[in-house]
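Have a look at the structure below before the remarks.
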There are 2 protein chains.
Amino acid sequence: MSLQAAPLRLSTASSTFEADFAARLHWSADTDAEIEQRVADILADVQRRGDAAVLEYTARFDGLNAPDLSALELRQDELKAAFDSLSDAQKHALQAAARRVRTYHEAQKKANGESWSYRDEDGTLLGQKVTPLDRVGIYVPGGKAAYPSSVLMNAIPAHVAGVEDIIMVVPTPRGEKNALVLAAAYVAGVHRAFTVGGAQAVAALAYGTATIPKVDKITGPGNAYVASAKKRVFGMVGIDMIAGPSEILVLADGSTPPEWVAMDLFSQAEHDELAQSILLCPDAAYIDAVQREIDRLLPEMPRQEIIARSLNGRGALILTRDMEEACAISNRIAPEHLEVSSRDPHRWEPLLKHAGAIFLGAYTSESLGDYCAGPNHVLPTSGTARFSSPLGVYDFQKRSSLIEVSEAGAQVLGKIAAELAYGEGLQGHARAAEMRLLKK
Amino acid sequence: MSLQAAPLRLSTASSTFEADFAARLHWSADTDAEIEQRVADILADVQRRGDAAVLEYTARFDGLNAPDLSALELRQDELKAAFDSLSDAQKHALQAAARRVRTYHEAQKKANGESWSYRDEDGTLLGQKVTPLDRVGIYVPGGKAAYPSSVLMNAIPAHVAGVEDIIMVVPTPRGEKNALVLAAAYVAGVHRAFTVGGAQAVAALAYGTATIPKVDKITGPGNAYVASAKKRVFGMVGIDMIAGPSEILVLADGSTPPEWVAMDLFSQAEHDELAQSILLCPDAAYIDAVQREIDRLLPEMPRQEIIARSLNGRGALILTRDMEEACAISNRIAPEHLEVSSRDPHRWEPLLKHAGAIFLGAYTSESLGDYCAGPNHVLPTSGTARFSSPLGVYDFQKRSSLIEVSEAGAQVLGKIAAELAYGEGLQGHARAAEMRLLKK
């Protein structure tokens, strides 16, 4: 019997919908206690022994032996050689994608990331200075999920922000290097790169070793060990979000060719059997048509087994009463990727409150956004779009408040501050404010 | 013998400066393993038993008994009554501070927090939609450090962002309520408030209970238990930074009255014996003058014992070669509060890369910023200004990327995306992009 991919069929009109829907969405971010303990031990060991510990773990976990850690640095000429080794089509695609990603993030910086200030009526200056981080670490997964596009998506916003020192770490199990990943590092302007990974790479970046410099922030996706390590070093360095499995939600009004939607669902499902692909649509006949396209297209897909496992285990085709209800359910899910596959996407977009990225209209397949439309593909997963944002230039900037109180301003503010400070029992604060009052 | 406060005297010209400086700065954010385990247990218990667990911990840790959790809700009329009970001077100060904080954060939203988009040459729309979080929790410490100003500084940016549901939690040991804190909640527009605290309050906000609604993000300072709990629920909900002890660094060129600087150092030291007050100055005679003012003013301070312990244990008066060197050292410290107590503060400000807030000129005492200048007083501590920012409107907003690829755009982007997707072995992505290519 051939492989089947049958996402769960649900209808919001069903009396069991809420329970079925909750069960299908359920995913726990809890980390295994054993992983947590092993990661804690690795972090402590790298903090204590530095280079030697990183070398040992790299030999043990990646099967990669080196005389010292500096032998695991990828020099710029090696990155360039990797780029030179690509086909012209690959070179062009990588450069074109990098250019579009850069243009988008430059617009983002201009729109939301510049310093600002104003003076109030007393001549007091108030504002914020926005500055880049000094040095950041970018974690790039190796092995089965080595994605050059992730290199672009992490390094380019850092570059646009003005970060002067971008350090990439990428595990190379048994020394196997991915030429596209190295080429992407070259195109994106990574400053230094090391072939180390896992919790030991996160530790090296967080604490610094003799060879790997301590960074201010670590971004980029990784496995459970990497995620646990990032969470543990958070506070000592900045981190981006902890990523869960990838998700797509397609809101369809039935106007898009059903094979396009089927393939968009596949493109999420093929990542990982835990990835989640959901279709919300008020048209039952259209849902049937998408299922038929799933059946037709699945045998053509090289990753059909992963796709089938993902769709069977976590996928859903949900019949809704109307598009408004579909939008409301989408807000409950707060999906990472949200396609509005509608003839009139701008009618629905204002109803959509929580999503990592919103892809409007039938031509906007998620895959265009994943690679080259310009916006970042590092997006909040597992409902965290309720409170977090795509990776962006802002993740590589920080702000300092600026305050310059004028003599006149100090007369007004000093009295307010002193009143409140005495109320809090902080007489030093009150006296400091009062000293600035002019004697009469 | 009377109490002495003698911050450590250092000189950058000394051969032992680096070691002495490092020793004085040292502070470990490591959490006690016992606290970690107790917090993990409390979180698990609240997740399992909800209201009942929160009630029990509140009875045990705060000595506050109630028949059910709803009895611990502070109703709006109780918040208003607290405001009405204040003196006119207190009412005026609270309202004036709130107004200034609101004005500043409105400017911040306008400068850096609005949605934006553009269309590229193919008609493809690219941008980001900026939206408020739905519901946030604000932790307000009770007991010895009950600060109404913190209520304003947390709630007002959330309000300005457009958060529709702001939930405050504040422990009230043995039922003692602080009228200023309740009044501040009223003035700041807190929507609901509960007199619970500790890890159990963080758990209730993160998981939701029958009575306390689940929030999307938790902000606000707390003790080691609260910090550990926030770190543990991070990922399930958003959190702000984990705060360490408060710090001030004063860069002085010798032009400010030395008693002003002495009192500014006190105003940090009086918070907590772990608070850190540092003066950097190229003028040895001026440093002597500040020490004389410390000696003169200390006996007048009600919190003199805390001030002395803080200055003796963690304070420093550092002689530098010049102001440029003082700026460079400040960047190494990345202080929470940075006063540029200079005749010409704008000469030095561009050299200052890392700081939570920069206070320019002699009139800008930190205490004015703490209460009412406008900028937020929740600032990155312990050197985290290297990678993080003051609490702001942006902490209560999130972003969704917007992408609408035109038919023409899909022809260009589809080929780039397909090339890269095949390179990554993701054929579903490639096929989804290719399906949007027009057949020729």
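For clarity, every value in this text was computed on a predicted model and none was experimentally measured. Quick note on labels: first sequence line is chain A, next is B, and so on, each numbered from 1.
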Report task. Measure A/Y118 against the heavy atoms of chain B and call it side chain, backbone, both or neither at under 4.5 Å. Result -> side chain
Report task. Under 4.5 Å heavy-atom distance to chain A, tell me which part of B/V181 shows up: side chain, backbone, both or neither. Result -> neither
Query raised in the report: Closest approach of B/P390 and A/S401, non-hydrogen atoms and distance?
Result: CG-OG, 3.4 Å
Query - Contact winner vs chain B - A/V130, A/L94, A/V237, heavy-atom pairs under 4.5 Å - result: A/V237
Query raised in the report: Does any heavy atom of chain B fall under 4.5 Å from the side chain of A/L297, the backbone, both, or neither of them?
Result: side chain
Query - Per-residue contact mode, A/M435 against chain B (heavy atom under 4.5 angstrom) - result: both
Query raised in the report: Between B/H346, B/E366, B/M241, which has the largest tally of heavy atom pairs under 4.5 Å with chain A?
Result: B/H346
Report summary line: Cut-off 4.5 Å, heavy atoms of chain B, and the answer for A/A430 is neither
Query raised in the report: Heavy-atom distance under 4.5 Å between the side chains of A/R431 and B/F266, does that happen here?
Result: no
Query raised in the report: Is there a side-chain contact between B/L426 and A/D370, using heavy atoms and a 4.5 Å cut-off?
Result: no
Query raised in the report: Quick one: are A/R386 and B/K398 in side-chain contact, heavy atoms under 4.5 Å?
Result: no
Query raised in the report: Can you find a heavy atom in the side chain of A/L180 that is under 4.5 Å from one in the side chain of B/E424?
Result: no
Query raised in the report: Among A/F359, A/F396, A/F234, A/Y422, which residue forms the greatest number of heavy-atom pairs with chain B at distances under 4.5 Å?
Result: A/F234
Requested in this report: Kindly give the heavy-atom pair with the smallest separation between B/L368 and A/A433, and that separation in Å.
Outcome: CD2-CB, 3.9 Å
Report task. Heavy atoms only, distances under 4.5 angstrom: which of A/L133, A/T131, A/L413 has the most pairs with chain B? Name it, please. Result -> A/L413
Report task. Give, as side chain, backbone, both or neither, the part of A/A385 having an atom under 4.5 angstrom from any heavy atom of chain B. Result -> backbone
Query raised in the report: Which heavy-atom pair separates A/E419 from B/S87 by the least distance, and what is that distance?
Result: OE2-OG, 4.3 Å
Requested in this report: Kindly compute the distance separating CG (B/L338) from OG (A/S400), expressed to the nearest 0.5 Å.
Outcome: 8.5 Å
Report task. May I ask you to name which of A/E300, A/Q268, A/K353, A/E114 has the most heavy-atom pairs under 4.5 Å with chain B? Result -> A/K353
Query raised in the report: Using non-hydrogen atoms only, which part of A/T103 is less than 4.5 Å away from chain B: side chain, backbone, both, or neither?
Result: both
Report task. Look at B/G392, B/A362, B/S406, B/P132 and state which one has the largest set of heavy-atom pairs under 4.5 Å with chain A. Result -> B/A362
Report summary line: Tightest non-hydrogen contact, residues A/A107 and B/W116, listed as CB-CZ3, 3.9 Å
Query raised in the report: Side chains of B/Y394 and A/Y394: does their closest heavy-atom pair fall under 4.5 Å?
Result: no
Query - Part of A/D395 lying under 4.5 Å from any heavy atom of chain B - result: neither
Query raised in the report: Who wins among B/G414, B/G127, B/A97, B/S382 for the most heavy-atom pairs under 4.5 Å with chain A?
Result: B/G127
Query raised in the report: How close do B/A432 and A/D264 get, heavy atom to heavy atom, and via which atoms?
Result: CB-OD1, 3.3 Å
Query raised in the report: Given a strict heavy-atom distance threshold of 4.5 Å, which part of B/A269 is in contact with chain A: side chain, backbone, both, or neither?
Result: neither
Query raised in the report: A/K129 side chain to B/L352 main-chain N or O, any donor-acceptor pair under 3.5 Å?
Result: yes
Query - Residue among B/G374, B/G369, B/A421, B/G361 with most heavy-atom pairs under 4.5 Å to chain A - result: B/A421
Query - Contacting region of A/S149 [heavy-atom separation from chain B under 4.5 Å] - result: both
**Report entry** chain B contacts, top residue of A/S267, A/G409, A/G356, A/G235 (heavy-atom pairs, under 4.5 Å)
**Finding:** A/S267
Requested in this report: Check the pair A/E404, B/E349 against side chain to side chain contact (heavy atoms under 4.5 Å, CB included), reporting the backbone distance first and the verdict last.
Outcome: CA-CA 11 Å; A/E404 181 181 32; B/E349 183 272 311; over 6 Å; no
**Report entry** chain B contact via A/P345 - side chain, backbone, both or neither, heavy atoms under 4.5 Å
**Finding:** side chain
Requested in this report: Would you check, one step at a time, whether the test side chain to side chain contact (heavy atoms under 4.5 Å, CB included) holds for A/Y104 with B/Q128?
Outcome: CA-CA 10 Å; A/Y104 176 84; B/Q128 274 191 328; 3.1 Å; yes
Report task. Tell me, for A/L125 versus chain B, whether the close heavy atoms (under 4.5 Å) come from the side chain, the backbone, both or neither. Result -> side chain
Requested in this report: Side-chain contact test, heavy atoms from C-beta onward, threshold under 4.5 Å: evaluate it for B/H354 versus A/D216 and give yes or no.
Outcome: no
Report task. Find out whether A/M236 and B/F387 are in side-chain contact, i.e. whether some heavy atom of one side chain is under 4.5 Å from a heavy atom of the other. Result -> no
Query raised in the report: Out of A/M263, A/R303, A/Q304, which one pairs with B/Q427 under the side-chain contact (heavy atoms from CB on, under 4.5 Å) rule?
Result: A/R303
Report task. Below 4.5 Å from any heavy atom of chain B, which atoms of A/I239 appear? Answer side chain, backbone, both or neither. Result -> side chain
Report summary line: Honestly, the part of A/W260 sitting under 4.5 Å from a heavy atom of chain B is both
Query raised in the report: Top residue by heavy-atom pair count (under 4.5 Å) with chain A, among B/S115, B/G423, B/P148?
Result: B/P148
Report task. Please confirm whether the backbone N or O of B/V405 pairs with a side-chain atom of A/T364, one donor and one acceptor, at under 3.5 Å? Result -> yes
Requested in this report: Mark yes or no for whether B/E270, through its side chain, and A/H429, through its backbone, hold a donor-acceptor pair below 3.5 Å.
Outcome: yes
Query raised in the report: Among A/A410, A/A418, A/S365, which residue forms the greatest number of heavy-atom pairs with chain B at distances under 4.5 Å?
Result: A/S365
Report task. Using only heavy-atom distances, determine whether the side chains of A/E407 and B/Y363 contain a donor-acceptor pair under 3.5 Å. Result -> yes
Report summary line: Output for pair (B/N331 CG, A/D134 CG), nearest 0.5 Å, gives 8.0 Å
Query raised in the report: Looking at OG of B/S367 and CD of A/E434, how far apart are the two atoms once the value is rounded to the nearest 0.5 Å?
Result: 9.0 Å
Query raised in the report: Tell me, side chain or backbone of A/R135 under 4.5 Å from chain B's heavy atoms, or both, or neither?
Result: neither
Requested in this report: Taking the side chain as every heavy atom from C-beta outward, state whether A/I403 and B/P375 have any pair of such atoms under 4.5 Å apart.
Outcome: yes
Query raised in the report: What residues, two or more places apart in sequence or in another chain, satisfy side-chain hydrogen bond (donor to acceptor under 3.5 Å, both in side chains) together with A/E259?
Result: A/R296
Report task. Return the set of residues passing side chain to side chain contact (heavy atoms under 4.5 Å, CB included) with B/A96 (not counting sequence neighbours), or none when no residue passes. Result -> A/I416, B/H92, B/R99
Query raised in the report: Which value, rounded to the nearest 0.5 Å, describes the distance between A/Y147 atom OH and B/L420 atom CG?
Result: 13.0 Å
